[in-house]
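Data first, discussion second: the structure below is written as structure tokens.
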Amino acid sequence: MNAEERYTPLNWPDHPETQTLEGKNKFLGFWLFLAGETVLFASLFATYLALKDSVPDSSHPLAKDLFNLPLVFAMTMILLTSSITSVYAIYHMRNYHFKKMQAWFVITVLLGAGFLALEIYEFTHYVHEYHFTFGSSAFSSAYYTLVGTHGAHVTFGLCWIIALLVRNAKRGLNLYNAPKYYVASLYWHFIDVVWVFIFTVVYLIGKVG
Amino acid sequence: MSSVAVKKGLGASVWEYLTTVDHKKIAHLYLGTGGFFFLLGGIEALFIRIQLMKPNNNFVNEQLFNEIMTMHGTTMIFLAAMPILFAFMNAVVPIQIGARDVAFPFLNALGFWLFFFGGMFLNLSWFLGGAPDAGWTSYASLSLRSEGHGIDFYTLGLQISGFGTLISGINFLATIINMRAPGMSFMRMPLFTWTTFIASALILLAFPPLTIGVFLLMFDRLFGSNFFDVTMGGNTIIWEHFFWIFGHPEVYILVLPAFGIFSEIIPTFSRKRLFGYSSMVFATVLIGFLGFMVWAHHMFTTGLGNVANAIFAIATMAIAVPTGIKIFNWLLTMWGGSIKITVPMLYALGFIPSFVIGGVTGVMQAVAPLDYQLHDTYFIVAHFHYVIIGGVVFGILAATHFYWPKMFGTKLSEKMGYVTFTLFFIGFHCTFFIQHFLGLMGMPRRVATFLPGQGLELGNLISSIGAMLMAVAVIILLFNVVITSIRNKKVGADPWEDGRTMEWAIASPPPFYNFKQTPLVRGLDTWWLEKMEGKKELTPAEPLGDIHMPNNSIIPFFISLGLFVAAFGAMYNPLNSVGDGKSWGLPVLIIGLGITFGSMLIRSLRDDFGYHIHKEDLLEDDKGGKVG
């Protein structure tokens with residue numbers, strides 16, 4: 001099938017992301033990449049668990065002193081909602097509703113940006129209220145590296161989806177860019193799943209564990 | 001599109017290689033760059049052996065010795081062995097499965113350029129204040145205290161080249177899963193493809209822990225974090241775990257492709273199908289699986305406790321089983337075969353006993369109580385050189401001779417090849433066999449010198465003489481390459497006459513689209529099957545038609561260059577622990593990352609549909625014209 005061809009809702013395939021060989025390769029290659037990313041985050045989680053509450057002396061804050069569950073719960077809800085909206089976007093991509101797809105991705109981006117803003121607020125709060133900086137203890141280094149790496153992934157994901165929205169605004173949907181949207185949404189889901197683990201391992205266990 | 005081939009100018013050739021996405025050209029780049037680093041690592045090895053030739057020697061001082069020793073290991077593993085294996089994977093694997101290219105030609109080029117710039121960055125340390133000096137394992141307790149920027153070159157250089165390796169690993173996995181020709185089921189894949197597949201899976205799962213490890217070390221040294229600083233609550237053992245969770249699979253990442261190479265060479269020159277093909281595949285998968293369960297055997301003396309040591313000891317010994325299966329399969333392939341002695345076959349014959357010695361000493365070290373005695377002695381040095389040289393380097397040298405015709409269209413001189421093999425084989429055993437005994441006599445590894453009168457003089461002298469022999473052998477190999485290139489005597493598609501797999505069915509070097517028509521695979525050893533039925537060509541699986549090809553691109557070069565620039569910025573940022581931060585540090589870091597992400601953005605914004613080679617041009621190509 002030709003990637004540049006124009007389609008109508010009638011002849012648009014059910015799974016446009018895997019119609020071309022390039023699309024199939026992207027689909028598979030991206031899942032493999034996510035496997036590598038999983039190991040990457042697993043390593044960071046291991047480091048965090050090994051260094052949790054590991055501070056030079058008692059003047060440094062510990063996990064239970066720091067975390068503010070209502071704020072983190074709000075962040076979690078926002079990010080999980082953005083996962084649902086990206087599902088809607090892909091649903092419309094499969095039905096060849098380009099405008100609706102773009103709109104749902106815009107909502108996804110807005111929610112992602114909201115999450116990011118709250119995370120930045122959270123970090124500055126820790127720095128100013130508790131003097132809990134990147135270099136203040138092994139615990140702080142591990143915390144900021146794990147949660148910050150996730151934040152960097154969110155940022156990259158936002159830039160990626162925005163770039164896709166802009167570049168395709170005039171091009172419309174075709175079999176060349178459908179896999180691009182699809183893997184971007186996969187990436188977004190992955191980030192959300194990682195956050196679920198961060199919420200559990202860092203914040204919940206940090207508060208009650 | 002179609003034009004008669006014209007000789008290209010130097011500038012055009014350089015541009016072609018800078019922008020190429022063709023797996024066969026990328027193979028040349030990997031072989032050239034990896035070969036260069038191999039020579040560099042070899043020179044470092046010679047310096048080590050000259051320094052240790054006699055007691056109380058003063059050829060290099062202790063600091064320089066540490067740097068040379070560190071860079072020898074790091075260069076050989078990351079910048080020589082792996083890239084050279086990637087060269088053969090790129091040259092051969094897509095053709096072995098009947099594909100026209102890898103799944104992601106662009107990423108293939110990106111992987112190479114990341115490795116290239118990472119390697120260059122690491123080696124620039126020699127000129128910018130001293131190389132890393134904490135050993136290739138760079139244990140955090142040592143490397144945090146290292147003065148100067150050596151360790152920073154290590155962390156940043158390995159990050160960049162590590163990204164490249166990871167990308168290449170993903171690429172080969174996707175290629176082998178998705179790009180196989182019709183009929184090429186998994187259990188018909190040549191063994192080199194299988195081992196590449198498993199090694200790539202290991203890369204995918206083993207490199208992220210290394211990335212995290214070097215990131216944490218970089219943060220500690222350059223950005224003020226405290227992961228490994230015990231006074232701030234850190235824990236230095238975390239580094240050891242990350243390094244070996246990567247480091248042990250790394251050994252299999254290196255040796256499995258070498259096993260694959262021998263599994264191609266031995267059946268070819270025994271003119272007999274590989275004995276126990278399915279057990280060979282099973283053993284490969286099992287080695288890959290067990291490779292992840294044994295990392296703590298490098299840390300027996302760290303003090304993880306008896307239970308942990310016992311579990312890891314047993315897991316380690318278990319690896320001897322699939323490896324043994326492989327050894328017996330190779331022997332039984334030769335048994336009853338009609339053996340032809342060629343240079344690649346000689347390396348294969350030399351490999352089996354050499355590697356078995358390395359394997360046996362490996363099982364000895366797996367016994368944790370004995371390892372307390374052997375740890376950090378020359379016995380360890382002898383062991384891992386037996387597996388790395390006896391396995392990987394022999395594999396690389398064998399493949400150089402075996403695949404040279406396919407990669408360059410000429411055949412390396414067999415006579416000089418015999419000389420190289422003889423000198424290298426003798427030199428290798430001369431260097432490293434005696435080191436077992438040096439280690440048992442108590443000589444610690446990584447020492448810059450030793451004292452007279454402790455019985456270590458003769459052993460070290462013999463070892464150094466062996467190293468010279470290996471150096472001579474490599475010089476003869478280089479001479480062989482030069483002579484062969486000057487003579488430029490072209491060979492046909494199947495220069496060894498007994499080629500079994502599909503790469504031997506197409507021209508040497510292959511046309512850039514590999515197969516005019518995608519082949520139909522009718523069984524294991526596809527080409528051998530067709531030859532035995534008297535066919536001159538592979539059976540096509542499709543009618544002759546247009547071929548879709550990817551466009552060349554300079555963007556991979558710039559993505560990698562950006563990280564190279566950013567690495568300098570990170571190293572001289574004002575927070576660094578060395579205390580020589582520059583005001584331009586952060587701006588350069590941002591500019592470098594800007595180049596990288598900007599290049600990625602350009603790549604993403606533009607449509608790149610590739611192009612088509614038309615049927616008519618392919619037909620014309622048959623009549624002696626050239627598609628270009």
Side-chain angles (χ1 to χ4, degrees), chain A residues 2-4 18 20-22 24-48 50-57 60 133-142 144-146 148-149 156 159-160 163-164 166-168 171 174 176-177 180 184, chain B residues 100 102-105 107 166-167 169-175 177-179 200-201 203-213 215-216 219-220 223-235 237-239 241-242 245-246 292 548 550 575 597 600-601 603-610:
Chain A
N2 201 343
E4 298 115 287
T18 50
T20 59
L21 179 63
E22 284 76 14
K24 281 194 190 96
N25 285 341
K26 263 204 180 93
F27 179 81
L28 174 67
F30 203 79
W31 273 108
L32 293 169
F33 167 74
L34 290 184
E37 284 267 82
T38 306
V39 183
L40 189 111
F41 274 104
S43 305
L44 286 175
F45 274 108
T47 311
Y48 176 80
L51 297 178
K52 176 172 175 276
D53 289 343
S54 189
V55 290
D57 57 66
H60 288 78
T133 62
F134 186 54
S136 59
S137 64
F139 169 50
S140 73
S141 301
Y144 281 116
T145 305
L146 171 60
T149 305
F156 185 82
C159 296
W160 184 4
L164 277 180
V166 174
R167 90 179 280 281
N168 292 319
R171 286 182 174 96
N174 54 37
Y176 179 74
N177 57 29
K180 287 174 185 261
Chain B
R100 293 215 169 91
V102 291
F104 307 108
L107 289 187
L166 183 64
I167 286 172
I170 292 176
N171 201 352
F172 278 113
L173 282 172
T175 304
I177 295 173
N178 260 5
M179 306 284 280
S200 301
I203 287 174
L204 176 64
L205 301 176
F207 265 73
L210 175 74
T211 305
I212 291 301
F215 253 106
L216 302 188
F219 283 149
D220 266 16
F223 296 99
S225 65
N226 300 301
F227 292 102
F228 306 124
D229 186 347
V230 183
T231 60
M232 298 295 280
N235 184 342
I237 307 297
I238 293 174
W239 167 270
H241 279 295
F242 279 144
I245 286 173
F246 147 78
F292 276 103
H548 181 239
L575 288 174
F597 286 112
M600 285 164 71
L601 188 65
R603 162 78 182 165
S604 175
L605 292 183
R606 283 169 35 191
D607 282 330
D608 183 3
F609 296 118

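Per chain, numbering begins at 1; letters A, B, ... match sequence-line order. Computed from a predicted structure; not experimentally measured.
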Identify which of B:S604, B:G169, B:G610 forms the greatest number of heavy-atom pairs closer than 4.5 Å to chain A. B:S604
Less than 4.5 Å to any heavy atom of chain B: does that hold for the side chain of A:A50, its backbone, both, or neither? side chain
Heavy-atom closest contact (A:A138 atom, B:G234 atom, distance): CB-N, 3.3 Å
Those residues at least two apart in sequence (or on a different chain) that pass ring pair (Phe, Tyr, Trp, His ring centres under 6.0 Å) with A:F134 are B:F219
B:D608 side chain reached by A:Y176 side chain, heavy atoms, under 4.5 Å: yes
Give, as side chain, backbone, both or neither, the part of B:F215 having an atom under 4.5 angstrom from any heavy atom of chain A. neither
Among B:L216, B:I245, B:I212, the one residue meeting side chain to side chain contact (heavy atoms under 4.5 Å, CB included) with A:S43: B:I212
How many angstroms lie between atom CZ of B:F227 and atom CG of A:L51, to the nearest 0.5 angstrom? 7.0 Å
CZ on B:F228 to OG on A:S141, rounded to 0.5 Å: 10.0 Å
Test of understanding: with ring pair (Phe, Tyr, Trp, His ring centres under 6.0 Å), list the residues that count as partners of A:Y144, not counting sequence neighbours. A:F123, A:F132
The interface call for A:S137 against chain B, heavy-atom contacts under 4.5 Å, is both
Between CG of A:L32 and CD1 of B:I177, what distance do you get to the nearest 0.5 Å? 5.5 Å
For A:A163 and B:L601, the nearest pair of non-hydrogen atoms, with its separation, is CB-CD1, 3.8 Å
Given that the side chain runs from C-beta out, which part of B:L173 has a heavy atom under 4.5 Å from chain A: side chain, backbone, both or neither? both
Residue A:T149 versus chain B: region with a heavy atom under 4.5 Å: neither
